[in-house]
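First listed ligand is number 1; within each ligand, the first listed atom is number 1. Position 1 is the first residue of the sequence; numbering continues from there.
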Amino acid sequence: MLFSVRRESAVPIFKQVCGQVARLVDDGTLPPGSRLPATRALAARLGVNRSTVYRAYQELWALGYLESRPGSYSTVRARVRTAAVSRLPGRDGPRWDQLCPPRSRRIHEEYATLLRLIPRAVPVRAISFAGLSADRELNPDVDLRAAVRSVLLDTGKKLLEYGDPQGYGPLREVIARRMRTHGVSVSAEDILVTSGSQQALDLAVRLLAQPGDTIAVESPTYSMALPLLRFQGLHMAEIPMREDGADLDALEKRLQKSVPAFFYTIPNFQNPTGISTSQAHRERLLAICEERGIPLVEDGFEEEMKYFGKAVLPIKSMDARGLVIYLGTFSKVVFPGLRVGWIAAERDCLQRLLALSRFSQLSGNQLTQAAVACFCADGLYEQHLRRVHRAYRARMSAMLRALEEHLPSRKVTWTRPSGGYTLWVRLEADASAEVSLLKCLEHHGTAVAPGSLFFPGKPRGLCFRLSVSNLTQDEIHEGCRRLGKALSKFLGV
Ligand code: PMP
């Protein structure tokens with residue numbers, strides 16, 4: 001058994017010894033039961049410290065190559081035959097596409113499609129209307145830092161243990177209070193804190209539907225809901241969006257065919273269209289669902305972002321029968337990275353959602369939940385909300401003026417939102433021209449969120465979403481000028 005060490009090598013000597021023994025075991029030169037030299041003898045032979053050899057043997061033991069008993073020689077262990085550690089994973093690694101069931105293969109494809117459509121690398125000088133995350137410059141970082149410090153000092157030890165699976169109590173109080181300001185009469189007991197409203201949606205979907213079910217969705221709708229729904233093996237009944245919200249006549253007609261597991265709706269500043277529904281529309285939608293016993297999943301992701309005119313109350317505020325599962329979030333107002341969202345639902349339903357949540361995450365992050373509760377309790381949330389409203393009111397006004405000024409007056413229409421971040425542009429052109437449209441926009445130094453992302457099925461017409469969330473008023477103006485030029489060229493008007 002020949003060992004050698006190279007002192008000039010960058011590989012530590014104990015690793016060299018370890019590697020040589022492992023190779024001899026792997027290729028069968030040292031079969032199970034072979035005795036290794038005593039550490040003292042091998043150290044003397046190699047001219048190294050005994051502790052170096054000892055460390056190499058320790059490592060081999062940890063890797064499962066050796067057996068060693070106190071006061072006895074180390075011997076090679078009989079291993080159950082698995083691929084040798086040194087040969088994994090390589091070209092012959094596991095075929096995960098075969099190990100995963102068809103449903104999981106689909107999620108991989110969905111993700112690849114998503115990455116293909118989202119312009120990740122926008123050219124440096126391009127002005128992008130594509131992203132929807134709120135402007136990080138507006139985030140009150142200093143106040144959050146103070147809140148984290150304060151909760152750590154006050155209740156630190158407790159916050160670092162597993163917490164209440166329903167969510168940190170004082171935060172649920174804060175959320176319930178805010179919901180009451182929107183006319184929803186709930187208490188902390190009716191709230192389940194989630195990791196953003198995305199997780200809230202996932203829980204609601206898992207509770208209400210099983211593979212093969214049909215659910216009704218607005219079309220277009222929130223792009224990140226679609227892969228989640230498809231992943232669960234759900235079919236989607238598309239209810240077209242009109243200027244005043246989902247087409248309820250179309251919904252009623254669809255319901256004559258079959259009853260969906262639930263209806264997913266975004267009544268305020270719908271993503272992607274920016275449309276908010278009227279009180280009358282909300283009443284009729286709830287009545288339709290109540291009549292047939294269809295749960296309504298109300299995504300209130302931008303409930304607090306009304307900055308033009310008077311707010312219309314959430315559908316949940318009229319929910320006498322308890323059929324509405326309301327999803328809320330802090331993400332569109334402050335600190336999306338903290339991942340704090342919630343569900344407000346009738347208690348029996350909430351307990352079922354709580355069970356699902358507990359099985360998947362035991363309990364949520366208590367520290368961030370406590371920090372958000374502290375931030376809100378100090379009145380900083382309302383102060384921040386006013387600031388955000390001022391900023392986005394100015395940006396959306398600038399956007400609407402710039403679109404009037406620069407977009408062609410023919411073959412283009414767009415929505416006029418009363419808050420939020422997004423609006424929706426429709427072109428009189430075929431949806432199949434999307435790729436050439438995106439190229440034309442890129443050529444003119446601008447980018448948008450392509451409409452096809454938001455349709456469960458085939459896109460109806462050529463459309464795209466614009467967002468003001470991350471642009472200054474000057475950028476909005478210049479971006480719209482470029483957009484106008486590009487669209488005039490593209491549409492030939
Ligand atoms: N619903 C809608 C309509 C959204 O646009 C988003 C995120 N943009 C979410 C839910 C999820 O947001 P979060 O998980 O950050 O609360």
Residues in ring pair (Phe, Tyr, Trp, His ring centres under 6.0 Å) with Phe375, at least two apart?
Phe335

Donor-acceptor pair, distance only, cut-off 3.5 Å: does the side chain of Gln366 make one with the backbone of Gly364?
yes

Going through the checks in order, is the side-chain contact (heavy atoms from CB on, under 4.5 Å) test met by Leu362 and Tyr162?
CA-CA 8 Å; Leu362 301 184; Tyr162 286 123; 3.9 Å; yes

Heavy-atom check, side chain of Pro220 versus side chain of Thr273, under 4.5 Å:
yes

Determine the interplanar angle of the Tyr392 and Tyr421 rings, folded into 0 to 90°, and report it as parallel if under 30°, tilted if 30 to 60°, perpendicular if over 60°.
perpendicular

Distance-only polar pair, side chains of Ser432 and Asp430, donor-acceptor under 3.5 Å
yes

Distances for all N or O pairs of ligand 1 and the protein under 3.5 Å?
residue, atom, partner, partner atom, Å
ligand 1, 1 (N), Asp299, OD1, 3.4
ligand 1, 1 (N), Asp299, OD2, 2.6
ligand 1, 5 (O), Asn271, ND2, 2.8
ligand 1, 8 (N), Lys332, NZ, 2.9
ligand 1, 12 (O), Ser197, OG, 3.4
ligand 1, 14 (O), Ser197, N, 3.1
ligand 1, 14 (O), Gln198, N, 3.0
ligand 1, 14 (O), Arg339, NH2, 2.8
ligand 1, 15 (O), Ser331, OG, 2.6
ligand 1, 15 (O), Arg339, NH1, 2.8
ligand 1, 16 (O), Ser197, N, 2.7
ligand 1, 16 (O), Ser197, OG, 2.8
ligand 1, 16 (O), Thr329, OG1, 2.6
ligand 1, 16 (O), Ser331, OG, 3.3

